[in-house]
2 protein chains.
Amino acid sequence: MSLTIIGTVAFDGIETPKGSYPKILGGSAMYAATAASIFSPVNIVSIVGQDFDQEYFDYFINRKINIDGITITKNNNTFYWQGFYEKDMNQAFTKQTQLNCLLEFNPIIPEKAKNSRIVFLANVDPVLQKKAINQFTKPDLVILDTMNYWIEHKLKDLLETINLVDILILNDQEIKLLTRKDNLILAMKELFQQNKLKLLVVKKGEHGAIMYDGNTFFSLPAIPLDDITDPTGAGDSFAGGFAGYLASAQHIDINAFKRAIIVGTLISSFTVQGFGVSKLQTIAKQDLIDQFLKLKDITTLSQDIF
Amino acid sequence: MSLTIIGTVAFDGIETPKGSYPKILGGSAMYAATAASIFSPVNIVSIVGQDFDQEYFDYFINRKINIDGITITKNNNTFYWQGFYEKDMNQAFTKQTQLNCLLEFNPIIPEKAKNSRIVFLANVDPVLQKKAINQFTKPDLVILDTMNYWIEHKLKDLLETINLVDILILNDQEIKLLTRKDNLILAMKELFQQNKLKLLVVKKGEHGAIMYDGNTFFSLPAIPLDDITDPTGAGDSFAGGFAGYLASAQHIDINAFKRAIIVGTLISSFTVQGFGVSKLQTIAKQDLIDQFLKLKDITTLSQDIF
């Protein structure tokens, strides 16, 4: 099924205990599209500046990511985020944010992408996410990711936009912030019901992921990793892999959703092993299958306990 | 196989958002023995004061927990801990600790218990844990639990004691504190190797549990619970269920270890549903089997993802 991803394309300056890169490709839609393109052709909708050289466009083209939806502004630079992580790397600290061309972003869905069956609204201003949704003719699934900034600063717009989507993907801190509940399970049940969702997915980083479909939960741990290089984009690529997998699925049902969060978990385990997309961009389906066997090995519950 | 549990028996005063109990049965060995006795006869080794009425001894006797190893001091009261939990209940806040008879505790293993095959050193001063170990003739497995207080205040004694055990059970905060590593997986590998352990188990509360045997990890999520009544004793009963299950196992191998942490996970999901042992003491094997089916349902990975 056809897939369109809306979000940011950026340059990131990243420092982690493992190294420092002043300018690498980043952005929510870039990570998501990189992950999704393992499974499906992708249309990306974003904006970049005059400093976005051909080599970066070639990155997308080489991955069969359609860039017709990328607006190029001539009088501005690409969105730039500079940040660092301290030793546990559980939190990103921002050094500077240069919004640059992002201030002009008005997502225009290309004609050919308007009939996409799956729409993934990667993290960006919820007002823009809403503008994007309204341009699709009749998508089967609209999936939304967001971040704490929008929960804190544009809650009303975010809630309006969430009300238009089928699947919401958040991390555990975001859902607790959004619902003001401390019990994750209670928070998930409430948020699901309030928004008539089809599925709610919560990413828990080193603790794995959990989903809820209104009836049952499905939960899985993360791949054990003793060496993290750069956590940037882990969540975006989880969600992109999730959306890309669904775009390639024969049937969309509860089992497809389960497999999609497994895929997201596997993908993000690769993302964090390199700076930017340096590791993620080398991954093919076979690597995911190998990693899946590892995940099964560490999680499979025996048939009987007594 | 025969099992002996050494640790505290206490009275607890507990306040949670769900209610308040000024004096209920508590203590690491009490929770652990309650859980273990679902699977196996248990010898408990502890100390209580003159205020420990017959009804409390009857609690143990009714559960087939042998109390020959409980010393009764006539001039002192039982160890008392008073604490409260705030809304997320992830942390216990201490209001007061009256050590009382615990100051006199010198664990004496009864003759009949000295040949126990499985020894569980529940949370107590590591100096006492070491004194207890040395009285056993030749146990197959010595299992140790501890808490952040001993890591912070008696590190040298704790490390000496850890060096004498086969299996260490900690929570994720404790292992990070003990190893000064932020990456849990790295912390587990290091701690395992330094202490020539047979198994290392890390309890992660709402995120489940993970174990490492020197080769592979095994990880499982917690049962999703939207209503926690009282988290006191969750960790002690996890470890007690783990030890009790192993004491009832035909063979002790990696699969028995896996099943034992599943049992610990199931047990603690009941413990937190009542104040003190009010819920845990009602649980039989069949309840665990039912809960296990629920855990399988929310974790089983499909055979293939592509």
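In what follows, every chain begins at residue 1, and chains take the letters A, B, ... in the order their sequences are listed. Worth knowing before you read on, the calculation uses all heavy atoms, side chains too, and leaves out hydrogens, waters and symmetry mates.
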(message) Please determine whether the number of non-hydrogen atoms from other residues, nucleotides or ligands lying under 6.0 Å from atom OH of A:Tyr21 exceeds 12.
(response) no

(request) Look up atom CD1 in B:Ile228 and atom CG in A:Asp182, then write down how far apart they are to the nearest 0.5 Å. (result) 11.5 Å

(message) Can you confirm whether A:Glu15 is buried at CD, in the sense that more than 12 heavy atoms of other residues, nucleotides or ligands lie under 6.0 Å from that atom?
(response) yes

(request) Can you see which heavy atom on A:Lys87 is nearest to which on B:Arg180, and at what distance? (result) NZ-O, 3.8 Å

(request) Considering only heavy atoms, give the residues of residues 232-240 of chain A separated from chain B by less than 4.5 Å, sorted numerically, with 'none' for an empty result. (result) none

(request) Please list, in residue-number order, every residue in residues 264-281 of chain A that has a heavy atom less than 4.5 Å from any heavy atom of chain B; write 'none' if there are none. (result) A:Leu266

(request) Give the minimum heavy-atom separation between B:Lys204 and A:Glu206, together with the two atoms involved. (result) NZ-O, 4.1 Å

(message) Can you give me the closest heavy-atom contact between A:Leu186 and B:Asp226, atom names plus distance?
(response) N-CB, 3.8 Å

(request) Examine whether an atom of B:Lys294 lies under 4.5 Å from a heavy atom of chain A, and if so say whether it belongs to the side chain, the backbone or both; otherwise answer neither. (result) neither

(message) If I compare all heavy atoms of A:Ile298 with all of B:Phe217, which pair ends up nearest, and what's the gap?
(response) CG2-O, 2.9 Å

(message) Quick one, B:Lys296 and A:Thr300 - any side-chain contact, counting heavy atoms below 4.5 Å?
(response) no

(request) Could you tell me which portion of A:Lys181 (side chain, backbone, both or neither) has an atom closer than 4.5 angstrom to a non-hydrogen atom of chain B? (result) neither

(request) Of all the heavy-atom pairs spanning A:Asp227 and B:Asn183, show the shortest one and how long it is. (result) N-ND2, 4.0 Å

(message) Is A:Phe39 close to chain B through its backbone or its side chain, or both, or neither, when contacts mean heavy atoms under 4.5 Å?
(response) side chain

(request) Enter the distance from A:Asp297:CG to B:Ser219:OG here, rounded to the nearest 0.5 Å. (result) 12.0 Å

